[in-house]
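As C-alpha cells, the structure follows; a few thoughts come after it.
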Amino acid sequence: MSSDSHGHGIGHVVPIKTLLGVLIALLLLTGLTYWTGRMDFHGWDLKIAMVIATVKASLVCLIFMHLKWDKPLNAILFFIALIFVGIFLAYTVTDTFEYEMNVDALLESQR
Amino acid sequence: MSEAHAHPEHVAHHFDTAEQQFETGKFGMWIFLLTEILFFSGLFVVYSTLRNNNPEVFAYAANHLDTDLGAINTVVLLISSFTFALGVRNAMLGQRKALTVNLLITFLCAGAFMGIKYQEYTHKYHEGLLWSGAEHSVFKEDLSKVLPSVREHSAHGHTNAIADAEAMTPEFRREVGLFFAIYFCLTGLHGIHVLLGMVLIGWLIRRNARGDFGPHNFGAIDFGALYWHIVDLIWIFLFPLLYLIA
Amino acid sequence: MSSEQNVNYLNCSKGFSSWFWTLDHKRLGLMYLWSTIAAMFLGGIFALTMRVELFAPGAQIVSADQFNQLFTLHGAIMVFLVIIPSVPAALGNFVLPMMLGAKDVAFPKLNRFSYHLWLLGAIFFVSSMLATGLDTGWTFYAPYSTVHSPAYTAVVLAVFGAFILGFSSIFTGLNFVATVHKMRPPGMTWFRLPLFIWAIYATGLIQILATPVIGITMLLIAVERILEIGIFNPALGGDPVLFQHMFWFYSHPAVYIMILPAMGVMSELFSTFARKKIFGYSFIAMSSVAIAVVSFIVWGHHMFVSGQSPLVSIVFSAMTFFVAIPTAIKIFSWVATLYKGSINMATPMIYAMGFLWLFGIGGLTGLWLTTLETDIHLHDTYFVVAHFHFVMVGSALMGFLGGIHYWWPKMFGRMYPERKGQVAAVGLIVGFNVTFLPQFVAGTQGMPRRYFDYAERFEIYNQISTFGAFLMGLSLLTILIYLIRSIKRGKLAPANPWGGATLEWHTAPIPDPHNFDNAPQVGDPYDMEIFKWDETEKGYVPVNPVPGLPYIAQPKADSGDSH
C-alpha cells in the first residue's frame, strides 16, 4: 500500500476551487478567442488564435489532466509526441509550399 | 520479498502493489492518448498544407460555418471536462452519488455536443455545402452536375451557396470543396471519438451503480477522464482552426 | 534435471479456449509465432509464383494484371502480417517478461486483444485476396488506389485490414513500453536491462508514435474511395504527394520496427555464442533509441523522384546518411564481441553471422539510394528491391530464425536437430544471396521493378534469382518441418542449453505459468560466468544456485551495485 499522508487512498485530490477556477479561465479564454476571431490582425490572426488555444490546452493538461502533480514521465512523453507532430508538420508543410510554386508555375505556363 | 499470492483485492496478480497498478495504468493511458494525438496529427497536416496553399479559399469557405454553434460546442465540452474532473474527485473521496451525477452531466453535455453537430451536418447537407466529390455538393467543378434539389435548397438557405459557387472559377470551387473535405474529416473523426466517449461514460455509470469505485479503486474513472480531456483538447484547437478563419 | 516437470505453461490447461482466451504472454507469443509463420508461407508462395513468372521474359504463368496482384499481396502480407509482428510480438511476447524478471506484461488483456486484432486484420487481408484485384502495390499510392484502380472492394478491405493490424501493433508497443518502465524488479536499472529489451523498447516507441499515422492514412484511402472526398485526388484539387508524405511518415519508421528487434536478438546471440560479455553495452543500448528517433526524420528518401521539393530532399538525404552511424556502432560492437570469444557455431550463431553479411550489404547499398544523384537512376529499379530484401528479409529473417532457434528449448523444452538446423541455415543464407545479388546488377542496368515483363538482356539475372528463391523456399520448408517434429520428438532440453545469463534462462526447462514466484536477483545480464557447463545435464547450471530454487543463478557478489 502506498503511504499517503491524506489518508484518502492513492494520489492527490484537486480542490474544487482549483477546478472551478480553471473552468472559468477556460470560458473566458474561449470568449477571447471568439472575440478576437471577429477582428482582423493582418496576418497574425492564426498565431493569436493558436497562442490562446495553447494556453487553454495547457490549463486542461496541467490541472484537469493532473500533469502538474504527476510524475514528470507522463508530461515528458506528452511533449515528445508533440515534437514528433511538429516534425511531421514542418517537413510536410515546407515541402508542399516549396513544390506548390513549381506547380503554379507549370499551370501558368500552360495558360 | 513480497509474498507472491497475497495481494489486495483490487490488485491484479502480476502487480506487486496497488500503487504500481495505478501508476502503470495511468502511464498506459497516457501512451494511448499520445497515439490519439498522432492519429489526429495526420489530419492536421492535411489541413495545414491545404490552408497554406489556398489561404483565400479557406477564408471564404469558413464563412459558411456557424461560429456561434461552434462556440457553444466549445463551451459545452469545457463544462463536460469540468464535470468529469469533478467526478474523478468524487471517486477518490468515495462520493458515489456525486460521481453518478457528474458522470451523467458529462454524458448529457456530450449528447448536446453531438446534437449540435447533427444540426450543423444536416444543414450543410441540405444546402450542398459538401466536398466536391459528393453527390449533393454545390462545389462541383462542373456546375451542370449540381442536383436541382440542392440548387433550390441553397437558394433559400442561409447564405445562398449556389450563387456564390456560380461566381467562382471552377478551380476555386474545387478548392472550396477541399475545405469541406477536411472540415468533415476533422469534425467527423472528432465526433466519432465523442460518441465512443459517451459509450465509455455510460459503462462507468453502470459500474459505479454496482459499487465498483471508491478510494482504493478509481483508476477507470481517472483514465476515462484523461481520454475525455484529450477529446476536449482536440476541439479546443479545431474551433479556431475551422470556425474562426477571418 | 531436464525431465519434464509437473506443471508448466504448456500443460497447465488444455483445449482451444484455454489458448484462444489465454492471458499468458508465453502462450500469446507462441500463437503469434505460428500465425506469422503461416502468413510468411502464404507471402512466400506469392513470391515464388512471381519468380516463376519472371524466369523468362514475356508471360509465363500469369497475366500482367495478376502479376500486379501478386506483388501487391506479397508485399502487404509480408510487411503487415509477418515482419512487423514477428520478432516483437512472437519472440518479444514470449521472452520479454521473463527476461525482465516480471510475471507478465503490464496489460495482459490488452496483449490478448492485440493478438485477436492481428487475426481480424488477417481475415480482412484474406477477404481482400478473395475479392480479387488488389493491384495497387502494398504502398497504396493515390490516386490509383483511391480512384483509378478497378479493385474497389479489395482496396477498401485491405486498408481496413491494415488499419486493424496497425492497432494490434500499437497496443503491443504500448504494452512493452509500459512494462519496461513500470514492471522492472528491484535492482533492474535501465543499464542492467538486456539489449534485447532495449531493442524492443525502442521498437515500442516507434510503434506508438508512427503507427497512428498509417492508421489515419488508411482511413483516408477508404474515405476517398467510398465518399470521393478528394484530398489526394488532383482532379478535385487534392495533392497526391501529400499522400506519400503521410504514408512514408509511418512506413519508414516501420522498417526500423522490423529491424531493431532483430538487432536485439543479435546482441543476445553474439554474447551467448561467444561466451563473452557484449562489447559496448551502453553504446548499443543508446544507439537503439537513437535509431528510433532518427528514423522519424528521413522518410522523404522514398520520395526523391515524386515531385518533392529539392530543399526538403536535400535535408532528408543528409539525415539518412546520419542514421548509418548508430547502426554502424552496433555492427562494430558485435564484431568486437567475437574477438577472443569462445565461439560456438550452433544454428543461432550461423544466423547471427549471416546477419552480419546480409545487413552489411543491405545497409551499404542504402548509401547509393540516399545519394540524390544516384537515386534518380536507381529509383524503382531492382536495385531498390534487392536493397530492401537484404535489410528486411535478410536481416530481419536472420533475427527471427536465430531467435526462434535460440529460445526454442525454452518454448517447448525440446531441442531442434542441430545438424539439420545448421545445414538449413546455410542453405537459406546461400539461397538468399543467389536470389538477390543478381538483382543489384539488374537494377543498375535499368531493370524496372513491379513489371511482369523485361528486356532480354536481364534474363540471366532473373534465372539465377529464381533458382535462389527455390533454394530459400526449400530451406524454409525444411526448417518448418524439423521444428514441428521436434516439439514431440526432439531431445529433451536442459533449463539452459546455451549458457545465456539473462533471466529467462533462470527458469525451469519449460517455464512455470507465472515465470517466477519471486523476482530473481538482478546482476549483469552478460556475465557468462554465473553458469557452468554440466556434462550429465548436457546444459549449463548455476554456479551459485539460490537455495531451493535450482534454476536461478545468483549474480557474483561484486557484479555491480544493488540499491
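Here is how names work: the chains are called A, B, and so on, in the same order as the sequence lines, proteins then strands, and each is numbered from 1.
Among residues at least two apart or in separate chains, ring pair (Phe, Tyr, Trp, His ring centres under 6.0 Å) pairs with a member in residues 200-223 of chain C are His181(C)-Tyr201(C), Trp190(C)-Tyr201(C).
The CD1 atom of Ile216(C) lies 10.5 Å from the CZ atom of Phe44(B); values are rounded to the nearest 0.5 Å. The structure places CZ of Phe107(C) at 7.0 Å from CD1 of Ile31(B), a figure rounded to the nearest 0.5 Å.
Heavy atoms closer than 4.5 Å to chain B are found in the side chain of Met246(C), but not in its backbone. Of the atoms belonging to Leu130(B), not a single heavy atom falls under 4.5 Å from chain C. Contacts between Phe32(B) and chain C at a heavy-atom distance below 4.5 Å involve backbone atoms as well as side-chain atoms. Using a 4.5 Å cut-off between heavy atoms, Leu110(C) makes no contact with chain B at all. For Ile229(C), the parts lying near chain B are the backbone and the side chain together; criterion is any non-hydrogen pair under 4.5 Å.
The side-chain heavy atoms of Phe27(B) and Val177(C), taken from C-beta on, include a pair separated by under 4.5 Å. The shortest side-chain heavy-atom distance between Leu43(B) and Leu220(C) falls under the 4.5 Å cut-off. Contact check for Pro185(C) versus Asp16(B): no side-chain heavy atoms found under the 4.5 Å cut-off. Taking the side chain as every heavy atom from C-beta outward, Lys103(C) and Phe15(B) never approach each other to under 4.5 Å. Looking at Val45(B) and Phe249(C), their side chains never come closer than 4.5 Å, going by heavy atoms from C-beta outward.
More than 12 heavy atoms of other residues, nucleotides or ligands shown are found within 6.0 angstrom of OH on Tyr141(C). Within a 6.0 Å sphere centred on OH of Tyr125(B), other residues, nucleotides and ligands contribute 12 heavy atoms or fewer. At most 12 non-hydrogen atoms from other residues, nucleotides or ligands lie less than 6.0 angstrom from OH of Tyr118(B). In Phe163(C), the CZ atom is crowded: over 12 heavy atoms of neighbouring residues, nucleotides or ligands sit closer than 6.0 Å.
With hydrogens and angles disregarded, a donor-acceptor distance shorter than 3.5 Å links the side chain of Trp131(B) to the backbone of Leu227(C). Under a 3.5 Å cut-off, the side chain of Gln20(B) and the backbone N or O of Lys182(C) do form a donor-acceptor pair.
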* Evaluate the criterion ring pair (Phe, Tyr, Trp, His ring centres under 6.0 Å) for residue pair His514(C) and His13(B); output intermediate values, then yes/no. => CA-CA 9 Å; His514(C) 297 297; His13(B) 85 277; 5.2 Å; yes
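What you find for Cys185(B) and Ile231(C) is that their closest heavy atoms are SG-CD1, 4.2 Å. Contact between Asp104(C) and His14(B) at its shortest, heavy atoms only, is CB-CB, 4.0 Å. The two atoms that bring Leu178(B) and Gly230(C) nearest to each other are CD2-O, 3.5 Å, heavy atoms only. Minimum interatomic distance between Leu242(C) and Thr49(B) (heavy atoms only, all atoms of both residues): CD2-OG1, 3.5 Å.
Within residues 35-42 of chain B, the residues that have a heavy atom under 4.5 Å from a heavy atom of chain C are Thr35(B), Leu38(B), Phe39(B), Ser41(B), Gly42(B), listed by number. The contact list for residues 191-208 of chain B toward chain C, using heavy atoms and a distance under 4.5 Å, is empty.
Of the listed residues Pro108(C), Gly173(C), Ala102(C), the one with more heavy-atom pairs under 4.5 angstrom with chain B than any other is Pro108(C). Highest contact tally toward chain B, considering only Ala235(C), Gly238(C), Gly215(C), is held by Ala235(C) [criterion: heavy-atom pairs under 4.5 Å].
Scored by the salt bridge (Lys or Arg N to Asp or Glu O under 4.0 Å) test, Arg151(B) finds Glu166(B) as partners (sequence neighbours excluded).
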